[in-house]
Each structure stands twice: as structure tokens, then as C-alpha cells.
Amino acid sequence: MHLTHEPIDLAAFLGAARPSDGAVCLFVGVVRNESEGQETVAIEYEAYEEMAESELAHVAASVSQEWPGALVRICHRVGKLSVGEPSVAILVTAPHRETAFAACRLAIERLKEHAPIWKKEIRPDGTGQWVE
Amino acid sequence: MHLTHEPIDLAAFLGAARPSDGAVCLFVGVVRNESEGQETVAIEYEAYEEMAESELAHVAASVSQEWPGALVRICHRVGKLSVGEPSVAILVTAPHRETAFAACRLAIERLKEHAPIWKKEIRPDGTGQWVE
Amino acid sequence: MRVRVLYFASFRDAAGRSEEDREIPPGTRVCDLWDILSGEFSAFSRFPGMPPAAVNRLYQSGDVPLEDGDEVAYLPPVAGG
Amino acid sequence: MRVRVLYFASFRDAAGRSEEDREIPPGTRVCDLWDILSGEFSAFSRFPGMPPAAVNRLYQSGDVPLEDGDEVAYLPPVAGG
């Protein structure tokens, strides 16, 4: 559960499931090459880091509480990312797939709503635009 | 899109997304240590292999058709698997997360309904039981 | 005419074989062959009606007539994933 | 009393700074400080009402009174993920 300034290593993030887990759901957000019709070459992610860390932990804990059995891990990148790089990864392991999918989906929605993280889309001409 | 007798390498399975993709959803089914209260030490997966290959391809194609923009890859293991080993992996990349989640969920449901694959749960005493 | 019959999972256990060739009269349909087999292998009769069937690796309904050389499989309840 | 104010993303651009210390009268509430800042930085007034605010890294409502030494941040619309 953390922010990282380094590229997210998805293979390392996919840890071992517990013996009672039958389902793993991983969501990865990736930098796209366009946004609402405008070309994007990179995205700069900025966070209120100390608060974001605790908000991500809170998202994971609240989702686990609503979906008993779900183990939730979240990793969010900050800094300047190129197209194709993962910006966020959410891993849920659970006994059954219904829980894994629902908890993973809920976690990304909560994160987008609450985590104090911002992004500036960089256009081909080098200008940037905060997404608000 | 295939059956494999070798362990599924999730890191290798997580290929690169297309530049227009903003979302990746990976579902992994894992062998659990129990099933309906009975301890399980391993699962033997058996397939009607030639037909299963074409059914998996059909599942992926039908899901992509219902969720335009979704790129779907499926890998299913056959043979004897220990607790904690992945039995199936479904990877969906898509422009947006709604599509990625929905297509991934639909793919695993379709697979479970149609793919000619069977499993025998192995108990601690070595006896096996087909799941039907 | 002759068809190849495949048995999987619990059906293989019940039939004691994984495949065999069968001589059947022309016009035999998928459901007719099931009736023959379930008369022979008593464990098959625990299934009410015919299970899903595949002819040449495609799902087919019971009223499809079989042809010489077909590969036929009756599928116990699947459990992939 | 004195509080530390943090500015992020478009608010940082608008304020021309990422943080500063502010002297405020005792009893100043979260919403009062926002009124002071939005009077000063005209770009802030494009927001109807007060944006979400955090005091000491926790979301707080506008009527919470600030205390000496608090870390305060007003958050432009978040866009993580």
C-alpha cells in the first residue's frame, strides 16, 4: 500500500495468494495516448504524499471490511509517466471471484474519489493541462 | 489463447497494452486448499483439448464483440496442480476500466459455462472426486 | 457406419475407456447414440436426459444425425476455471 | 496563531507557491481561511464554494476550527488512478 516514484513492477506486485484464496483480480491503470480526443504524450502525477499514503491504506481497509475475505493491495505511481506505463495497480485476492472482482472495482472507484492525487496531461507541444 | 500443460507464467502473460488502452484487468483462478468444507491438496484438470482450444478462442471473440475495444487473452492449465497454482488467467486490456472489468468478468463466466474442462479434487487421503 | 466416441472425466471412469470406435446404423442421431451408451454404462443413467454433446468438437443438439467418421463426445458437467 | 498551508496541482500554479506559513486569528475555521485565500488568489474563486480540505492530512469539513501548528490543504478536484 504505497506511493512510488519508481516504475511499478507488476510481476513483483503479483504476490502469492493465501491457501484459502481461489481468485485473484488485478487492475492496472495505464497512461493512454489520448484523452477526450486530445493527444497525450505523458502524464505527470502529483500527490499530497503523506495524506495519499494514509488514504490508500484507508481505501484498502474499507474495501476489505465491505467484502470480507478480500485482501487488498494498492500501489500508485507519482512523477512523469510515458504512454503505456502503469499509474496504479490494485491487487485483490479472495476465496471466490465475485468478491475479488467487486472489491477490486470498489477499490479503484474509492481511490479515484478520495486519494489526493492529481494529474497533468502533457501534449505533444510540451504544454500541460491539469485534469479537474 | 491456449491450454497449457506447463505452469502459467503470469508475468509473461501480462503483455504490453496498446497505446490507446488505459485499463488492464487480470483475473487469475487459483487452486484452493478446500472446497465446500472438504480439504483439497491438489486438483487434476482434464480437457477435451482440441475442442477446449476452440471454445476458449470463441469465448474471447464473443466477449470482444460484446465489449468493443476489449482485447481478451485466455490461458488455462491442464494436469495436476498444487494449492496456490494458477489454473486459469484472463487478461483484458481496454481503453477504459468499465470495459476491462466487465469483459474480464464475462469471459470467466463464459469459460466456466462452455469450456470442455473438468476437475478432480484430490483429498489428503489420495482419493479424487470429480466436480460436477 | 462408424464413429469415434470420446469419454472424459467421470464418463471415462464410468465407461472404463477414453475412446472407442462404434458401428452405428445410418441415420443415428446424437441422442440415439446417447441412448445406446447409457443403456450400456449404467452410471450414465444418473443424468436426466442427454448431457451436452459435441460432434467434431462443436456443441450440437441431440437431433443432429451422425455421419461416418464423426468424432462424438458427451460432456459431463464442465468445471473449468 | 500560525498554520502551514500547502498548495497542490492547479492551486499551486494559481498561488505561485507550494507551501507557506500563515498568521491567522484564533477561532479561524477551515472555511474562513479558504475565504481569505480565495480573496487573495483570484484563480481560486472559479470554484463555487470551498473545495475539499484536509487538516493534518485528514479530510475535514469547513466549520472545523484551526489550531496553532495545523497543516492545512485545500484540494483541487482529484484525478488519481
Side-chain angles (χ1 to χ4, degrees), chain A residues 8-37 39-43 69 81-109 111-112 119 121 131, chain B residues 8-37 39-43 69 81-109 111-112 119 121 131:
Chain A
I8 298 175
D9 182 343
L10 294 175
F13 189 66
L14 273 172
R18 298 163 295 186
S20 59
D21 287 332
V24 177
C25 186
L26 172 71
F27 173 78
V28 183
V30 177
V31 175
R32 302 180 68 207
N33 63 0
E34 69 100 19
S35 172
E36 293 175 6
E39 191 178 348
T40 304
V41 296
I43 291 183
L81 282 69
S82 304
V83 171
E85 283 196 272
S87 55
V88 62
I90 298 179
L91 183 75
V92 177
T93 65
H96 299 289
R97 68 187 182 287
E98 293 78 6
T99 302
F101 273 106
C104 193
R105 181 67 195 267
L106 183 59
I108 182 63
E109 301 303 331
L111 181 156
K112 284 179 168 281
K119 64 180 175 187
E121 293 171 352
V131 176
Chain B
I8 298 175
D9 181 344
L10 294 175
F13 190 66
L14 273 172
R18 297 164 295 187
S20 60
D21 287 332
V24 177
C25 186
L26 171 73
F27 173 78
V28 184
V30 177
V31 175
R32 301 180 67 207
N33 64 359
E34 69 101 17
S35 171
E36 293 176 5
E39 190 177 348
T40 304
V41 296
I43 292 184
L81 282 69
S82 305
V83 171
E85 283 197 272
S87 54
V88 62
I90 298 179
L91 183 74
V92 178
T93 65
H96 299 289
R97 69 187 183 287
E98 293 78 5
T99 302
F101 273 106
C104 192
R105 181 67 195 266
L106 183 60
I108 182 64
E109 301 303 331
L111 182 156
K112 283 178 168 277
K119 65 180 174 188
E121 293 171 351
V131 176

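Note on naming: letters A, B, ... go to the chains in the order of the sequence lines (proteins, then strands), and numbering restarts at 1 for each one. Just the heavy atoms: all of them, side chains too, but no hydrogens, waters or symmetry mates, feed the values below.
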Self-check item: chain A contact via Pro95(B) - which portion, at a heavy-atom distance below 4.5 Å
Solution: both

Self-check item: Side-chain touch Leu26(B)/Leu10(A), heavy atoms, less than 4.5 angstrom
Solution: no

Quiz prompt | Closest-packed option against chain B by number of heavy-atom pairs under 4.5 Å, given Cys104(A), Ala100(A), Gly84(A), Ser35(A) | solution = Cys104(A)

Practice problem: Among Pro86(B), Ser87(B), Ala89(B), Ser20(B), single out the residue with the greatest number of heavy-atom pairs under 4.5 Å to chain A. | Solution: Ser20(B)

Quiz item: Given that the side chain runs from C-beta out, which part of Val83(B) has a heavy atom under 4.5 Å from chain A: side chain, backbone, both or neither?
Solution: side chain

Quiz item: Could you give the distance from CZ (Arg97(A)) to NZ (Lys112(B)), rounded to the nearest 0.5 Å?
Solution: 4.5 Å

Practice problem: Measure distances from Glu85(B) to the heavy atoms of chain A and classify the residue's part below 4.5 Å as side chain, backbone, both or neither. | Solution: neither

Quiz prompt | Side-chain heavy atoms of Leu14(B) within contact of Leu14(A), under 4.5 Å | solution = yes

Quiz item: For the atom pair NE2 (His96(A)) and CZ (Arg32(B)), what is the distance rounded to the nearest 0.5 Å?
Solution: 4.0 Å

Practice problem: Let me know if Ile108(A) has heavy atoms under 4.5 Å from chain B in its side chain, its backbone, both or neither. | Solution: side chain

Quiz item: Among Ala11(A), Pro19(A), Ala17(A), which residue forms the greatest number of heavy-atom pairs with chain B at distances under 4.5 Å?
Solution: Pro19(A)

